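Let me give you the structure first, and then I'll get to my questions.
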Amino acid sequence: MSRIEDQANYYKNLPLRYRNIKGVVHIEDKDDKEFWNNQLQNVSPGYYHFVVHSRSENGNDTSGCEQCMRYLPYINRKFFICIDSDLRLLRHEENLTAENYVAQTYAYSWESHYCEASHLQERYFAATGENDFDFVLFTRRLSEIVYRPLLILIRSNTPGLSKNWNITKFNSCIPLQPSRAEMAGNGEGYLMKVARLFETALPQVDTADMTDVEGITPENAYLHIQGHRLYDLIMHIGTLICRGKNVPFKSRILDTACHYSGYTEIDNVQSDLSAILS
C-alpha cells in the first residue's frame, strides 16, 4: 500500500471514529480554509476537518494542488479535495468533477471570488456610503482587454506558441500598483495603459479565428487572471479610493466577502459541494 493510500484510508475513517466530524477536506493551503469552510457551511453545516498538508510518497510534508490530486484514486464523500481551478478548468483537464469528489473554485482561485465585482461593489457602498468608483464597470473593461490574451495563454501548449506567450509575459501587462491619476475616471488611464501593454507584448498571432473557450467570456475573464494578482490589484485600488474615508479597504471590504450565489462561478462551487455531500 502506498503512503498516499494509507493516509487516505486514515482520513476516510476519521468521520467514522469521531461523530462530530462531518467530513475531511484536503485543501491546498491554510489560507484556503476560510473560503471553503464558508461555502461548506452554507451547503451542509457542521464541523469539517481540514488537511492543509500531508506526506508525499517520500515522507516529506507537502501541500499544494498537486499533492491534493495525488488522492484522486482514494477519495469519497467523507474525504474529498477542494482546489483552485487555476487554468485547469479552462484547459478541460479530466476527472476534476464533483462525481470524482473534487470541488474547485471555477474562477482562478478563492481570491478571485473576493474580487467578484457585483458583491464587491455592494460591500464598498455598505462600508463607505459612496459609489464614487464602480468596480463592475472597471472589471468589465479589464475583462474585455484581457480576454483574447487569456485565450492565447490557455492555448499556450500549442506548438510554437508557448515560447512567445506565457504567464510571466501575460502578468507583466497588468501592473499591480496604478497611480491615483491613472485611477481617475473609473480607472480609464490605467485601463488604457494595460491595453497598450498587451498590444505591444502580445506575439504576432492571428486571433481572429481563435475559437472561444467554454467557461470564459469577455465579461468574466478577469476572474481567470491569477487570483492573488487580481486580489493585490483590487486591494491597491481600494486602498487608494478609500484614502481619507476612514475605512480600511482590506479588512472592512475586501476580506469580508462571504457570498454563495449571484454569478456562475460561485453557483458552480455550491452545486459541486451539494453533489459531494448529498
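Predicted, not measured: the structure shown is a model, and the values here were computed from it.
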Considering all heavy atoms of both residues, which atom of A127 and which atom of I253 are nearest to each other, and what is their separation?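 Smallest interatomic distance, heavy atoms only, reads CB-CG1, 3.6 Å.
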
Test I154 against R91 for side chain to side chain contact (heavy atoms under 4.5 Å, CB included), laying out the working first. CA-CA 6 Å; I154 293 164; R91 286 173 172 160; 3.8 Å; yes

Just so I know, are the side chains of Q270 and V43 near enough to count as touching, which here means a heavy-atom distance under 4.5 Å?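 Q270 vs V43: side chains touch.
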
Partners passing ring pair (Phe, Tyr, Trp, His ring centres under 6.0 Å) against F35 (at least two apart in sequence or in another chain):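 If we apply the ring pair (Phe, Tyr, Trp, His ring centres under 6.0 Å) test to F35, skipping adjacent residues, the hits are H113.
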
Begin with the C-alpha distance, continue with both residues' side-chain angles, and end with the deciding distance and a verdict on side chain to side chain contact (heavy atoms under 4.5 Å, CB included) for E111 and D232. CA-CA 9 Å; E111 291 101 326; D232 288 347; over 6 Å; no

Using the side-chain contact (heavy atoms from CB on, under 4.5 Å) criterion, which residues pair with A221? Sequence neighbours excluded.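 side-chain contact (heavy atoms from CB on, under 4.5 Å) list for A221, sorted by chain: S143, V146, Y147, L150, I216.
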
Can you tell me how far apart CG (N9) and CG (L14) are? Round to the nearest 0.5 Å. 11.0 Å

Check: S54/Q67 side-chain N/O donor and acceptor closer than 3.5 Å: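 Yes, side-chain donor-acceptor contact under 3.5 Å.
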
Would you say that L72 contacts I81 through its side chain, given a criterion of any heavy-atom pair below 4.5 Å between the two side chains? yes

Quick check: do V194 and P175 have side-chain heavy atoms less than 4.5 Å from each other?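 Yes - at least one pair of side-chain heavy atoms lies under 4.5 Å apart.
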
Verdict with reasoning, Y263 to H119, per side chain to side chain contact (heavy atoms under 4.5 Å, CB included): CA-CA 10 Å; Y263 57 102; H119 290 86; 3.8 Å; yes

Residue pairs, two or more places apart or on separate chains, that pass salt bridge (Lys or Arg N to Asp or Glu O under 4.0 Å) and touch residues 173-185: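 Residue pairs with at least one partner in residues 173-185: E182-K193.
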
Ring pair (Phe, Tyr, Trp, His ring centres under 6.0 Å) partners for Y71, two or more places apart: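 Testing Y71 for ring pair (Phe, Tyr, Trp, His ring centres under 6.0 Å), a comparison that skips the adjacent residues, returns H26, F79.
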
Nearest 0.5 Å please: distance from the CZ atom of F198 over to the CH2 atom of W165.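 Between F198 CZ and W165 CH2, I get 5.5 Å after rounding to 0.5 Å.
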
Donor-acceptor contact below 3.5 Å, side chain D255 vs main chain S251: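 Not a single qualifying donor-acceptor pair exists.
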
Under the 3.5 angstrom rule, does the side chain of R77 hit a backbone N or O of I276 as a donor-acceptor pair? yes

Not counting sequence neighbours, which residues clear salt bridge (charged side-chain N to carboxylate O under 4.0 Å, His left out) with E66? List them please.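 E66 satisfies salt bridge (charged side-chain N to carboxylate O under 4.0 Å, His left out) with R88 once adjacent residues are dropped.
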
Ignoring hydrogens, what is the shortest heavy-atom contact between K78 and K22? Give both atom names and the distance. NZ-O, 3.6 Å

Report yes or no: does N166 contribute a side-chain atom to a donor-acceptor pair with the main-chain N or O of K169 at less than 3.5 Å?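 Side chain of N166 to backbone of K169: a pair is present.
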
Using salt bridge (charged side-chain N to carboxylate O under 4.0 Å, His left out) as the criterion, list what pairs up with R141, not counting sequence neighbours.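 Listed in chain order: E144.
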
Examine distances only and state if a side-chain atom of N100 and a backbone atom of V102 form a donor-acceptor pair shorter than 3.5 Å.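 Such a contact is absent between N100 side chain and V102 backbone.
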
Inter-residue atom distance I225.CD1 - N171.CG, 0.5 Å rounding: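 Separation between the atoms: 8.5 Å.
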
Same apolar cluster: L197 and I237, side chain cutoff 4.5 Å: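 No, separate clusters.
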
Between V24 and I21, what is the shortest heavy-atom contact and its length? CG2-CG2, 4.2 Å

Heavy-atom check, side chain of I145 versus side chain of C173, under 4.5 Å: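 No; the side chains remain at least 4.5 Å from each other.
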
Residue pair D84 / D32, side-chain heavy-atom distance below 4.5 Å: yes

Is the side chain of R229 donor-acceptor paired with the backbone N or O of I174 at a distance under 3.5 Å, no angle test? yes

Taking side-chain contact (heavy atoms from CB on, under 4.5 Å) as the test, write out the residues that go with N20, two or more places apart. Y18, Y47

Side chain to side chain contact (heavy atoms under 4.5 Å, CB included) for T139 and L120? Distances and angles first, verdict last. CA-CA 11 Å; T139 56; L120 178 60; over 6 Å; no

Non-hydrogen atoms of G227 and S109 that approach each other most closely: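 The pair with the smallest heavy-atom distance is CA-OG, 3.2 Å.
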
Are I167 and V213 joined in one hydrophobic group, where the rule is that I, L, V, M, F, W and Y side chains link up if heavy atoms are under 4.5 Å apart? yes

Please say yes or no: joined through hydrophobic side-chain contacts below 4.5 Å, possibly via intermediate residues, are Y260 and Y48 part of one cluster?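 Cluster IDs for Y260 and Y48 differ.
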
Shared ILVMFWY cluster between L233 and L137, side chains joined below 4.5 angstrom? no

Atom NZ of K33 with >12 non-hydrogen neighbours under 6.0 angstrom: no

Mind checking whether F135 and C115 have side chains closer than 4.5 Å, heavy atoms only?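 Counting from C-beta outward, F135 and C115 never come under 4.5 Å.
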
If you compare all heavy atoms of Y124 against all heavy atoms of C242, which two are closest, and at what distance to 0.1 Å? CE1-SG, 3.8 Å

What's the separation between atom CG in L230 and atom CD in E116, rounded to the nearest 0.5 Å? 10.5 Å

Answer yes or no: does atom CG of N246 have more than 12 heavy-atom neighbours from other residues, nucleotides or ligands under 6.0 Å? no

Has the side chain of Q39 got a donor or acceptor atom that lies under 3.5 Å from a matching backbone atom of H259?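 Pair found, side chain donor or acceptor close to backbone of H259.
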
Taking every non-hydrogen atom, the tightest pair across P178 and L240: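 Closest heavy-atom pair between P178 and L240: O-CD1, 3.4 Å.
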
Would you check if the side chain of D134 reaches a backbone N or O of V136 as a donor-acceptor pair within less than 3.5 Å? yes

With F138 via ring pair (Phe, Tyr, Trp, His ring centres under 6.0 Å) - residues at least two apart: F133

Main chain of V52, side chain of S63: is a donor-acceptor contact present, judged purely on distance under 3.5 Å?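 No; zero donor-acceptor contacts below 3.5 Å.
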
Starting from the C-alpha separation in whole Å, work towards a yes-or-no answer on side chain to side chain donor-acceptor pair (under 3.5 Å) for T264 and D267. CA-CA 5 Å; T264 300; D267 292 340; 5.5 Å; no

Just grab all the ring-ring contact (aromatic ring centres under 6.0 Å, His included) pairs involving residues 85-110, residues at least two apart or on different chains.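 Output for this query lists W110-Y114.
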
Working to the nearest 0.5 Å, report the span between OG1 of T105 and CD of E28.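 That separation rounds to 8.0 Å.
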
Hey, does the side chain of Q104 reach the backbone of L89 with a donor-acceptor pair shorter than 3.5 angstrom? no

Which residue pairs pass the ring-ring contact (aromatic ring centres under 6.0 Å, His included) test with at least one member in residues 219-239, sequence neighbours excluded? none

Any donor-acceptor N or O pair under 3.5 Å, side chains Y74, D6: no

Sorted by chain and number, sequence neighbours left out, salt bridge (charged side-chain N to carboxylate O under 4.0 Å, His left out) with K30 holds for none

Hey, could you give me the NZ/OG1 distance between K250 and T256, rounded to the nearest 0.5 Å? 11.0 Å

Determine whether a donor-acceptor pair (N or O, by modelled atom type, separation under 3.5 Å) exists between the side chain of E93 and the backbone of N95.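 Answer holds: no.
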
For E5, what residues pass the salt bridge (charged side-chain N to carboxylate O under 4.0 Å, His left out) criterion, not counting sequence neighbours? none

Let me check something: do L40 and V51 share a hydrophobic cluster, defined by ILVMFWY side-chain heavy atoms less than 4.5 Å apart, either directly or through other members? yes

